[in-house]
Amino acid sequence: MKPFFAILTIGMLFLLGGSFAATATDVVYVSGQVTDAHGQPLSNALVAVFNDRNQVVDYAHTDDNGNYILALPVSALHLPQHHSQTFLAQVFDTAGHLVGGLLDFIANPLRAGVHAAAAGVAATTPNPLAKGGIAVGAGVVDQTLFALSTDKQTSVQQQHDRKQPGILILKAIAPGYKDLAGPTSIYWMEEDTFHVAGRTQKATVAWVDPVQLASLNAKEPSHAESNYLTFTQARLSPSLAAYGQTVHIEAFLPTPSVPKVAIVVVARDNRNGLIWQLYPKGDGWYEGEFTIDKRFPVNDQTISVLAYGADEQHPGRRPDVERSILRAGLWDPKKPFLYNPLLVCSRNRADLTLTVLPPTRP
């Protein structure tokens with residue numbers, strides 16, 4: 001199966017309904033895959049993404065591998081707009097992986113988006129980030145066909161969920177299958193550095209959850225989700241420990257087959273602030289250990305586990321990222337974890353309770 005790509009470059013926002021020339025730095029190229037309930041790719045399915053006013057901002061047909069690519073404003077992904085610095089996985093010298101594959105995809109004759117870089121332009125330039133002017137116009141799309149439900153019974157929670165960072169509102173349809181309309185999520189982002197025509201270029205690449213359409217006679221609905229990079233299991237052994245004992249941490253974090261991700265998994269004690277790295281042991285499991293000493297207060301404390309993208313040039317922990325995660329409150333067990341794909345790559349946080357026993361008296 002051919003990999004799918006999404007290029008994200010954070011620039012100024014633009015709104016659907018007007019028409020002006022936009023450069024490549026003004027758009028987000030987002031792509032994903034549509035399959036049936038058995039995981040078989042669906043070709044020529046139609047996918048659209050909406051803004052918060054339920055207007056279509058772009059749409060496309062899937063190719064023979066079920067893949068699609070869209071050109072979106074940053075606002076469609078609800079990413080933080082005033083982030084002084086982002087901490088994505090750093091990948092270098094990926095020209096063959098990123099540029100070639102993306103050019104093939106954009107040049108696909110099935111591509112037909114509102115913001116689309118025209119197939120002719122994509123086919124004649126070696127740099128997919130420099131496509132010249134891109135016209136934006138609302139009149140291209142049948143707004144009625146793609147209108148999301150305006151049912152007044154929609155809950156406040158649903159409205160809140162659709163505006164979380166990394167969430168986009170998507171509708172997918174295919175003949176013989178149930179429509180899907182609702183939120184889907186980014187599961188991985190990375191910054192690629194590559195060389196084109198003697199110049200170094202950077203682009204942020206993202207992958208979104210796959211869409212699975214159910215047949216019309218199926219009992220289950222269509223859906224767009226995955227458990228990629230979501231902690232599904234974690235444990236401390238032992239969770240009740242005395243001074244001098246070694247405690248092992250294990251966590252299970254499923255990773256996608258596309259792309260091959262490089263991550264740093266870390267755990268932090270909420271009472272003493274100590275942080276430990278967990279290392280891969282295979283099949284999605286990560287493990288680490290620490291010894292209980294005088295730095296650990298007695299009684300209960302929370303050990304929180306999360307993950308962020310690795311830096312290819314500087315393997316291991318990234319203190320600047322961890323400081324930003326702390327400032328953002330993502331370590332705080334008293335606060336709900338708000339997934340921010342510009343800072344972390346785990347879509348949840350595993351909170352574990354460690355109880356330290358008082359020292360025995362002689």
Side-chain angles (χ1 to χ4, degrees), residues 1-6 30-52 54-70 72 76-78 105 108 110-114 141-155 157-164 166-188 206-232 254-259 284 339 347-348:
M1 182 181 66
K2 198 175 179 181
F4 54 92
F5 303 96
V30 173
S31 68
Q33 188 186 42
V34 180
T35 71
D36 64 15
H38 304 289
Q40 295 302 308
L42 290 179
S43 63
N44 209 33
L46 197 51
V47 180
V49 166
F50 299 77
N51 62 20
D52 290 335
N54 285 351
Q55 295 172 309
V56 174
V57 289
D58 201 7
Y59 72 100
H61 289 85
T62 57
D63 66 9
D64 290 342
N65 295 308
N67 297 327
Y68 62 88
I69 187 166
L70 302 167
L72 306 177
L77 291 178
H78 304 100
F105 209 174
N108 190 307
L110 292 178
R111 178 73 181 98
V114 176
V141 178
D142 179 347
Q143 298 288 341
T144 303
L145 174 64
F146 291 109
L148 283 177
S149 171
T150 56
D151 188 343
K152 294 182 180 180
Q153 300 301 315
T154 301
S155 69
Q157 183 63 44
Q158 288 174 322
Q159 293 296 326
H160 177 264
D161 290 346
R162 66 181 282 175
K163 295 185 179 181
Q164 296 301 303
I167 295 292
L168 54 84
I169 308 304
L170 177 146
K171 185 166 186 177
I173 64 173
Y177 294 88
K178 295 180 180 180
D179 294 356
L180 176 139
T184 187
S185 175
I186 292 172
Y187 65 78
W188 176 256
W207 285 257
V208 296
D209 279 335
V211 171
Q212 193 170 83
L213 297 183
S215 61
L216 291 176
N217 59 0
K219 294 182 179 180
E220 68 277 1
S222 297
H223 63 275
E225 60 187 359
S226 74
N227 64 355
Y228 296 149
L229 295 166
T230 302
F231 288 109
T232 57
T255 54
S257 57
V258 177
Y339 171 56
R347 295 198 277 185
N348 65 343

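Small disclaimer: the values here were computed from a predicted structure and weren't measured.
- The two atoms that bring A45 and V34 nearest to each other are CB-CG1, 4.1 Å, heavy atoms only.
- Within the model, atoms CD1 of I186 and CG of L229 stand 12.5 Å from one another, a figure rounded to the nearest 0.5 Å.
- Taking all atoms of both residues into account, the shortest heavy-atom contact from H78 to D52 is NE2-OD1, 2.7 Å.
- At a threshold of 4.5 Å between non-hydrogen side-chain atoms, the residues S222 and Y177 do not count as touching.
- Counting heavy atoms from C-beta outward, P41 and Q33 have side chains that approach closer than 4.5 Å.
- In this structure, the side chains of T62 and N67 stay at 4.5 Å or more apart for every pair of heavy atoms.
- Proximity of Y68 to H61: side-chain heavy atoms (C-beta onward) are nowhere separated by under 4.5 Å.
- For the atom pair Q164 CD and L77 CG, the distance stands at 13.5 Å (nearest 0.5 Å).
- Residues Y187 and V258 come closest through the heavy atom pair OH-O, 2.7 Å.
- Heavy atoms only, all atoms of each residue included: I173 and L213 are closest at C-CD1, 4.2 Å.
- Residues D36 and S215 are not in side-chain contact: their nearest non-hydrogen atoms beyond the backbone lie 4.5 Å or more apart.
- With hydrogens and angles disregarded, no donor-acceptor distance shorter than 3.5 Å links the side chain of K178 to the backbone of H223.
- Interatomic distance, N65 CG to L42 CG, rounded to the nearest 0.5 Å: 12.0 Å.
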Test side chain to side chain donor-acceptor pair (under 3.5 Å) applied to Q55 and N51, step by step:
CA-CA 6 Å; Q55 295 172 309; N51 62 20; 3.0 Å; yes
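- In this structure, Q212 CD and H38 NE2 are separated by 9.0 Å, a value rounded to the nearest 0.5 Å.
- Taking 4.5 Å as the limit, every side-chain heavy atom of D58 sits out of range of all side-chain heavy atoms of V49.
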Taking it one step at a time, do L168 and T184 satisfy side-chain contact (heavy atoms from CB on, under 4.5 Å)?
CA-CA 6 Å; L168 54 84; T184 187; 3.1 Å; yes
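- Residues satisfying the side chain to side chain contact (heavy atoms under 4.5 Å, CB included) criterion with S185, sequence neighbours excluded, are I167, D209, Y339, R347.
- The shortest heavy-atom contact between L180 and A224 is CD1-N, 3.4 Å.
- For the pair S226 and P210, the minimum side-chain heavy-atom distance is below 4.5 Å.
- No side-chain heavy atom of V57 sits less than 4.5 Å from a side-chain heavy atom of F50.
- Take T232 and apply the side chain to side chain donor-acceptor pair (under 3.5 Å) test, not counting sequence neighbours, and it matches no residue.
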